[in-house]
Amino acid sequence: QLQLMESGGGLVQSGGSLRLSCAASGFTLDEYAIGWFRQAPGKEREGVSCISSNGIGTFYVPSVRHGFTISRDTDKNMVFLQMNSLKPEDTAVYYCAVYAGASRYYYCSVDVDENEYWGQGTQVTVSS
């Protein structure tokens, strides 16, 4: 069974950094692409970043392109999201999910409807 578990969230001041982790089980990262998403209170879930199953293709939404970095460790079967220069508007529950589309070897997707096997999420709170 494919499962994901996020960790690493917390409370940080504006301008600070956090590193989120997504631990995968039931599959290897070479099989599927992984995406990071977030949902702020009262808002819809939105995509943040993703990485293809070959580990080379990455994508960032414009709002995080200069502050967030996605990476993975295939030995640990984990995907990471390094978040620097955090802002209060980055406050949200962060989730990781699997993209199993046919193009996943080279590409990934931050479309919520194209991802599945969601983790339980980890809370990130950025104070001003």
Side-chain angles (χ1 to χ4, degrees):
Q1 183 178 1
L2 280 68
Q3 291 186 324
L4 297 171
M5 181 174 293
E6 305 90 343
S7 62
L11 173 64
V12 63
Q13 290 188 334
S14 182
S17 298
L18 281 174
R19 187 194 194 205
L20 304 185
S21 299
C22 173
S25 60
F27 69 101
T28 67
L29 296 180
D30 293 335
E31 297 180 85
Y32 297 103
I34 300 294
W36 279 101
F37 302 80
R38 65 186 180 187
Q39 187 166 18
K43 295 188 177 181
E44 294 187 351
R45 192 170 298 187
E46 62 176 5
V48 175
S49 178
C50 62
I51 187 165
S52 63
S53 66
N54 70 358
I56 297 175
T58 59
F59 178 81
Y60 301 90
V61 296
S63 61
V64 306
R65 192 161 292 158
H66 298 293
F68 291 12
T69 303
I70 192 169
S71 63
R72 69 180 197 173
D73 185 327
T74 54
D75 290 336
K76 296 181 179 178
N77 217 34
M78 296 180 72
V79 177
F80 306 100
L81 186 67
Q82 177 68 42
M83 306 187 297
N84 298 328
S85 303
L86 283 163
K87 307 171 185 177
E89 51 263 43
D90 294 317
T91 295
V93 178
Y94 283 71
Y95 302 87
C96 56
V98 169
Y99 173 66
S103 61
R104 65 187 184 270
Y105 184 77
Y106 294 107
Y107 301 104
C108 55
S109 171
V110 291
D111 185 325
V112 171
D113 293 333
E114 293 183 344
N115 284 265
E116 54 190 323
Y117 303 105
W118 298 84
Q120 85 290 345
T122 185
Q123 176 70 49
V124 171
T125 303
V126 184
S127 63
S128 57

Any donor and acceptor pair, going by atom type alone, linking the side chain of [X] with main-chain N or O of [Y] inside 3.5 Å?
X     : Y      : result
Arg19 : Gly8   : no
Arg65 : Tyr60  : yes
Asn77 : Ala23  : no
Asn54 : Tyr105 : yes
Glu6  : Cys96  : yes
Ser21 : Phe80  : no

* To do: Determine, for Phe37 and Arg45, whether the Lys NZ or Arg CZ falls below 6.0 Å from the six-membered ring centre while staying within 45 degrees of the axis.
  =>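 Cation-pi check for Arg45 and Phe37: fails.
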* Asked: What's the spacing between Ser49 OG and Leu20 CG if we round to 0.5 Å?
  ->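 Going from the OG atom of Ser49 to the CG atom of Leu20 covers 11.0 Å.
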* Provide the closest heavy-atom pair for Pro88 versus Ser128 in the form atom of the first, atom of the second, distance. =>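 Heavy atoms only, the tightest pair is CG-CB, 3.9 Å.
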* Asked: If every non-hydrogen atom of Arg72 is compared with every non-hydrogen atom of Ser53, which pair is closest and at what distance?
  ->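 Minimum heavy-atom separation between Arg72 and Ser53: NH1-O, 2.9 Å.
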Cluster overlap [X] with [Y], hydrophobic side-chain contacts below 4.5 Å:
X      : Y     : result
Tyr106 : Tyr99 : no
Leu4   : Met78 : no
Tyr107 : Phe59 : no
Val79  : Met5  : no

* Does Tyr94 have any ring-ring contact (aromatic ring centres under 6.0 Å, His included) partners at least two apart in sequence or in another chain, and if so, which? ->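 Applying ring-ring contact (aromatic ring centres under 6.0 Å, His included) to Tyr94 gives none.
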* To do: Give the C-alpha distance, both sets of side-chain angles, the deciding distance and a yes or no for side-chain contact (heavy atoms from CB on, under 4.5 Å) between Leu2 and Glu116.
  => CA-CA 10 Å; Leu2 280 68; Glu116 54 190 323; over 6 Å; no
* Can Val98 and Asn115 be said to form a side-chain contact (heavy atoms from CB on, under 4.5 Å), step by step? -> CA-CA 5 Å; Val98 169; Asn115 284 265; 5.7 Å; no
